[in-house]
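Report on the following structure.
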Amino acid sequence: MEEWSSFCYLSAEGYRYYLPSLLTKCLSNFSEDNDLIHSTVFSLNPSFHSLYYCGKDEDFEYQTSLFTSEQYKAVCSFLGLVFDTLPQLKFLSAQALRWGWNKQTHPAQAKSEEFYRSLHNYQYPLSKDPQVRELQQQINVAFEKTPYPGDNSLCGSDLGDEPAEYAMEFRGLNWKTLHPDFLAVNSAALSFFTDEGFRYFLSAFLIADLIIPEIEGAWSNADAVFHLTYGLVDEEFEREDNFNWYEIATRKFSHFNQEERQAIVSYLEYCSLKDEYSRETINKALENYWLKTLL
């Protein structure tokens, strides 16, 4: 299947005709080591840019409308198999079922919706560590009344699918109930939110970062410290690359109120004590900006 990438250039009719060969090839080496499976599942997702800005992906809808009911269900079964047996691709297959292959009733589609419900409705335990628990509660109180920006005010860029994908994934959600695994697979969202979206959902990432070590099986690759310090240290805002990173960063942070800022400072001070690698960067960001905002 050296020519699999050419599928995106096929007509809708050609796509329907040749898709079985792609799925069959995936099944011949059905493992997480097979990069073709990841690419195939990715290609079974609609355009999030179209979903966010137009309400639907017309090309995707026309393409899938040509499938017979039996063919449509076969694709759903393939996605369901990926969902059930390949953990690293579980979210991606659930995403395809939820946003794309959702026009017919199918057990895999139902599993996808239940999976999403579990990711959107999580109750964080209080930390067993008194210091972490106090900080966790401070963040909860500080961001309790932070306003949700609105469903159409989350996407911070109109370039490409990725910003729209995160805007769609987080649309209408409550930051207090997002499972750490959901935040992990959407870790780059903090780079693509609007300033208001960043303010609203930041606290979810902060609490997840604090509590994940105590949750069995939970993981994260989000870096809240990076997003709260980049542009605020001397080496960054003195760069000669035609960007005033300090101004860009502080404009984004200007949306936070005093209580939220205090919680962020407390979080950064805690991270500075625990993270020797990032300590110098955190302390410079605190000195150059965050502590000044509390005066």
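FYI, side chains are in, hydrogens and waters are out, and symmetry mates aren't considered; it's all heavy atoms of this structure.
Tyr270 contributes atom OH, which lies 6.0 Å from atom CG of Leu210 (distance to the nearest 0.5 angstrom).
In this structure, the side-chain hydrogen bond (donor to acceptor under 3.5 Å, both in side chains) partners of Gln95, at least two apart in sequence or on a different chain, are Glu165, Glu169.
Residue Ile139 is tested with Leu202, Ile264, Ile207 for a side chain to side chain contact (heavy atoms under 4.5 Å, CB included); the sole match is Ile207. Among His255, Glu259, Glu260, the one residue that satisfies the side chain to side chain donor-acceptor pair (under 3.5 Å) test with Thr146 is Glu260.
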Phe143 and Phe201: CA distance, side-chain angles, deciding distance, ring pair (Phe, Tyr, Trp, His ring centres under 6.0 Å) verdict
CA-CA 9 Å; Phe143 287 88; Phe201 286 109; over 10 Å; no

For Glu114 and Arg117: C-alpha separation, side-chain torsions, deciding distance, then whether salt bridge (Lys or Arg N to Asp or Glu O under 4.0 Å) applies.
CA-CA 5 Å; Glu114 179 57 34; Arg117 278 192 292 273; 2.9 Å; yes

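Stacking of Lys103 on the aromatic ring of Tyr72 is not recorded, the 6.0 Å distance cut-off and the 45° axial limit not both being met.
Panel note: side chain Tyr200, backbone Asn174; no donor-acceptor pair is recorded below 3.5 Å. With hydrogens and angles ignored, the 3.5 Å screen pairs no side-chain donor or acceptor of Glu196 with any backbone N or O of Pro149. Looking at Asn186, its side chain does come within 3.5 Å of a backbone N or O of Phe182 through a donor-acceptor pair.
Here the closest heavy-atom approach between residue Glu162 and residue Ala188 is recorded as OE2-CB, 4.1 Å. Minimum interatomic distance between Pro125 and Ile211 (heavy atoms only, all atoms of both residues): O-CD1, 3.7 Å.
A parallel orientation is assigned to the rings of Phe42 and His38, their planes being inclined by less than 30° (bins at 30° and 60°).
With a 4.5 Å cut-off between side-chain heavy atoms of Ile, Leu, Val, Met, Phe, Trp and Tyr, the cluster of Tyr62 takes in Leu66.
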